[in-house]
Amino acid sequence: MTPPPETLRLTTAQAIIRWLSNQFIDIDGEEYRLCGGGFGIFGHGNVTCLGEALYQAQEALPLYRGQNEQSMGFAAAGYAKQWLRQRFMFCTASAGPGTSNLLTSAALAHANRLPMLMLCGDAFLTRLPDPVLQQMENFGDPTFGVNDAFKPVSRYWDRITHPAQVIQSLPAAVATMLDPGDCGPAFLGLPQDVQGWTYDYPAVFFEKKVHRIRRTTPDAAEIDDAVALLRSAQRPMIIAGGGVQYSRAVQELTKFAEDHQIPVVETIAGRANLTNDHPLNIGPIGVTGSDSANAIAAQADVILAVGTRLQDFTTGSWTAFAQDARFISVNAARHDAGKHRALPVVGDAKCAIRALAANLGDYRTPENWVQLARQERRKWSAYVAENVSYGDNRPNSYAQAIGVVNALCDPRDRIVAAAGGLPAEVTANWRTLSPGTVDVEFGFSCMGYEIAGAWGARIAQCEQEPENDTIVFVGDGSYMLMNSDIYSSVLSQKKLIVLVLDNGGFAVINKLQNNTGNASFNNLLSDCPTIPDPFGVDFAAHAQAMGAETETVANPTELAAAFQRAQACERTSVIVMRVDAYDGWTTEGHAWWEVGTPHITDDKNVEAAHLDWEAGRNRQRRGV
């Protein structure tokens with residue numbers, strides 16, 4: 001007679017944490033724990049049961065104390081990006097506002113296709129104590145609560161209503177987070193009573209498991225179609241997206257471009273695929289791109305898009321390309337591969353590039369097209385060199401600050417930026433020193449990601465390249481929105497170098513406001529009628545109060561000296577410099593971008609701007 005299987009009696013919370021502790025991943029032949037730990041803020045909805053389980057597992061799954069649930073989610077996203085989606089962190093928050101604070105960071109992870117596990121408190125399943133503190137009561141549906149708001153921003157969502165559910169739910173959540181085509185955040189709602197209920201779990205459920213990221217081989221017929229179209233190309237171009245890095249396909253893409261002499265342009269997420277000096281790197285494309293990339297995009301007849309979802313900042317709201325240009329889209333996600341009548345190649349980027357290379361034979365791009373692309377890039381490089389230079393009497397600018405850091409940082413240092421004007425300025429002006437070193441979060445363009453995401457990236461960097469730095473570019477607006485992870489970085493001894501570039505408000509939106517004919521209003525502090533006496537924040541004093549080393553500098557020359565001191569310092573350093581809100585923007589390289597402008601107005605400036613803006617629409621591809 002077969003003996004009954006061995007079981008372990010555990011609470012739901014204990015089972016979740018024990019299972020996570022025993023999940024590993026094979027990365028280039030080396031094993032790592034799949035979950036790098038977590039970020040947590042405890043409340044009544046998660047401290048008593050999940051907190052008890054995490055205390056017992058703190059060596060396997062280190063828990064970082066968060067300051068804000070939203071910033072915890074940003075830190076988890078920054079960690080996942082640094083690990084190229086191969087590892088993830090969890091976030092745990094209490095029922096009610098603690099959990100709802102994670103909503104924005106879940107949306108960021110969803111938009112950027114990043115793995116993040118949310119373990120969030122929920123209302124009591126029995127409903128015996130209802131209504132409880134912080135419960136959202138829905139009169140017509142008592143099962144409907146604040147946690148249901150995460151359904152649109154989660155790739156996997158479940159509410160654990162019985163301890164046995166985790167036997168199916170946990171593997172399904174991890175499978176989703178590790179699936180290149182469906183990657184994104186996973187949410188588990190954990191009712192407060194269910195967290196503490198017990199169950200006799202099969203012991204085999206907790207055995208060590210080693211995961212691998214699936215590489216889906218593209219369909220042979222799709223490869224044949226793509227090769228046939230590429231062979232016909234007279235002016236081909238490659239758009240290299242963030243998916244190239246997530247597939248660890250940078251070397252394959254570079255070799256493919258070199259073997260067939262195809263010019264490469266980069267998306268924002270793919271900004272560090274090729275080094276700046278590579279002869280086929282024609283620059284960043286799109287609204288925040290370069291004249292060089294946009295010039296060849298307008299003339300290209302066949303465009304091979306690899307690992308990009310073709311967001312509007314990449315496509316110039318679909319005005320960046322010729323009307324008759326044909327697309328081949330290589331993507332692990334079917335949804336992204338078929339956009340705008342592209343020939344889809346659904347599969348892993350590394351596998352797809354190898355298959356294309358094996359079948360494309362001796363095809364090489366016509367020499368005149370390559371020379372044109374390189375000529376355009378030389379002109380753009382000269383512009384950037386002038387743009388980032390300093391020592392004259394020009395007002396301080398983002399570009400100058402970027403140039404200072406670019407000249408002094410180590411090639412393997414990580415650069416982080418997110419919202420406002422800095423993503424555009426970093427994308428246009430940063431000269432990549434080493435692949436995979438730039439994180440410009442523009443999938444969701446979230447203010448507040450900069451410092452929090454950099455903290456998560458630094459935790460991951462310490463596991464890989466601890467000798468290097470994580471460097472943050474943040475504006476004063478984003479700093480004011482979310483800055484508390486300066487304190488987190490000091491507490492956890494995860495050094496950051498933070499450059500706060502203060503332009504007196506939301507200057508890039510003021511710029512958009514002015515460019516659409518509107519008067520400055522409610523963006524710069526000086527243009528807010530409800531602020532009788534505008535004054536700036538002493539960011540250095542504020543950051544110093546959180547334990548950072550700080551300096552305020554007057555110009556780029558002083559910034560260079562301060563940055564070198566920050567490099568030598570073992571503690572988080574914050575350097576503050578004023579930049580001009582009106583002058584010093586990168587004025588070249590922009591593609592058209594669709595924004596809503598008033599069709600009827602009494603303001604002649606707004607009317608003229610509307611007509612001028614709409615004139616760019618004649619280049620827009622209408623879904624094909």
Side-chain angles (χ1 to χ4, degrees), residues 113 179-183 214-267 269-270 273 280 282 285 293 296-311 314-315 318 320-366 369-370 373 621-624:
R113 320 295 209 255
D179 187 330
D182 202 30
C183 184
R214 179 182 299 109
R215 290 193 181 276
T216 303
T217 303
D219 183 85
E222 292 186 346
I223 291 292
D224 289 344
D225 289 343
V227 166
L229 184 54
L230 277 171
R231 283 185 177 280
S232 72
Q234 294 298 304
R235 298 178 304 281
M237 179 183 81
I238 296 171
I239 300 178
V244 174
Q245 293 176 37
Y246 292 142
S247 179
R248 283 89 73 208
V250 169
Q251 290 183 356
E252 284 77 7
L253 181 131
T254 304
K255 186 176 187 305
F256 180 82
E258 290 171 347
D259 288 348
H260 304 288
Q261 286 297 289
I262 303 176
V264 179
V265 302
E266 295 179 331
T267 69
N273 280 315
L280 289 170
I282 311 304
I285 187 173
I296 69 164
Q299 301 176 58
D301 58 354
V302 175
I303 297 151
L304 176 62
V306 184
T308 170
R309 62 194 183 101
L310 296 174
Q311 184 214 43
T314 297
T315 67
W318 289 102
F321 313 105
Q323 294 286 340
D324 59 352
R326 297 290 306 278
F327 280 81
I328 302 163
S329 187
V330 175
N331 208 291
R334 174 192 56 79
H335 175 81
D336 292 321
K339 292 175 179 173
H340 277 247
R341 293 185 66 242
L343 285 179
V345 177
V346 179
D348 174 72
K350 180 178 283 193
C351 293
I353 293 169
R354 286 175 174 173
L356 290 171
N359 289 273
L360 197 54
D362 59 358
Y363 169 84
R364 286 175 69 88
T365 301
W369 173 243
V370 179
R621 292 165 63 104
R622 301 185 181 183
V624 295

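The first residue of the sequence shown is numbered 1, and numbering continues consecutively from there. Since this is a predicted model, take the numbers as computed values, not measurements.
Within 6.0 Å of CD in E258 there are more than 12 heavy atoms belonging to other residues, nucleotides or ligands. No more than 12 heavy atoms of other residues, nucleotides or ligands sit less than 6.0 Å from atom CZ of R214.
Taking NZ of K339 as the reference point, atom CG of N331 lies at 8.0 Å (rounded to 0.5 Å). Between atom CG of residue D362 and atom CG of residue D259 there is a gap of 11.5 Å, rounded to the nearest 0.5 Å. Distance check: T254 OG1 to N273 CG gives 7.5 Å after rounding to the nearest 0.5 Å. Atom CD1 in I238 sits 4.5 Å away from atom CD1 in I262 (nearest 0.5 Å). Atom CZ of R334 is separated from atom OG1 of T216 by 13.0 Å, given to the nearest 0.5 angstrom.
The shortest side-chain heavy-atom distance between R231 and L360 falls under the 4.5 Å cut-off. Between E222 and L343 the shortest side-chain heavy-atom distance does not fall below 4.5 Å. I223 is listed as a side-chain neighbour of V345, based on a closest heavy-atom distance under 4.5 Å. Residues V302 and L230 have side chains in contact (heavy-atom distance under 4.5 Å, counting atoms from C-beta outward). Side chains of I328 and L229 form a contact here, defined as non-hydrogen atoms less than 4.5 Å apart. With a 4.5 Å cut-off on side-chain heavy atoms, Q299 and W369 count as touching. Between I239 and I303, some side-chain heavy-atom pair lies under the 4.5 Å cut-off. Two residues are said to be in side-chain contact when any heavy atoms from C-beta on lie closer than 4.5 Å; I285 and M237 meet this criterion.
Scanning both residues, A257 and L280, for their nearest heavy atoms gives O-CD1, 3.3 Å. Smallest separation of non-hydrogen atoms from A349 and G243: CB-O, 4.3 Å. Here the shortest heavy-atom pairing between A305 and L310 reads CB-CD2, 4.3 Å. Of all heavy-atom pairs between P366 and A233, the closest is CD-O, 4.4 Å. Nearest heavy-atom pair across C351 and P218 is CB-CD, 4.0 Å. The minimum heavy-atom distance linking A352 with V330 is given by the pair CB-CG1, 3.5 Å.
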With side chain to side chain contact (heavy atoms under 4.5 Å, CB included) as the test, would you mind laying out the steps for D324 and D301 before giving the verdict?
CA-CA 7 Å; D324 59 352; D301 58 354; over 6 Å; no

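Y363 places no side-chain N or O within donor-acceptor distance of the main-chain N or O of V227, the cut-off being under 3.5 Å.
Results of the side-chain hydrogen bond (donor to acceptor under 3.5 Å, both in side chains) test with S247 over K350, E252, R215 single out R215 as the only residue that passes.
For T314 and R309, the side-chain atoms include no donor-acceptor pair closer than 3.5 Å.
Relative orientation of the W318 and H340 rings is parallel, given thresholds of 30° and 60° on the angle between their planes.
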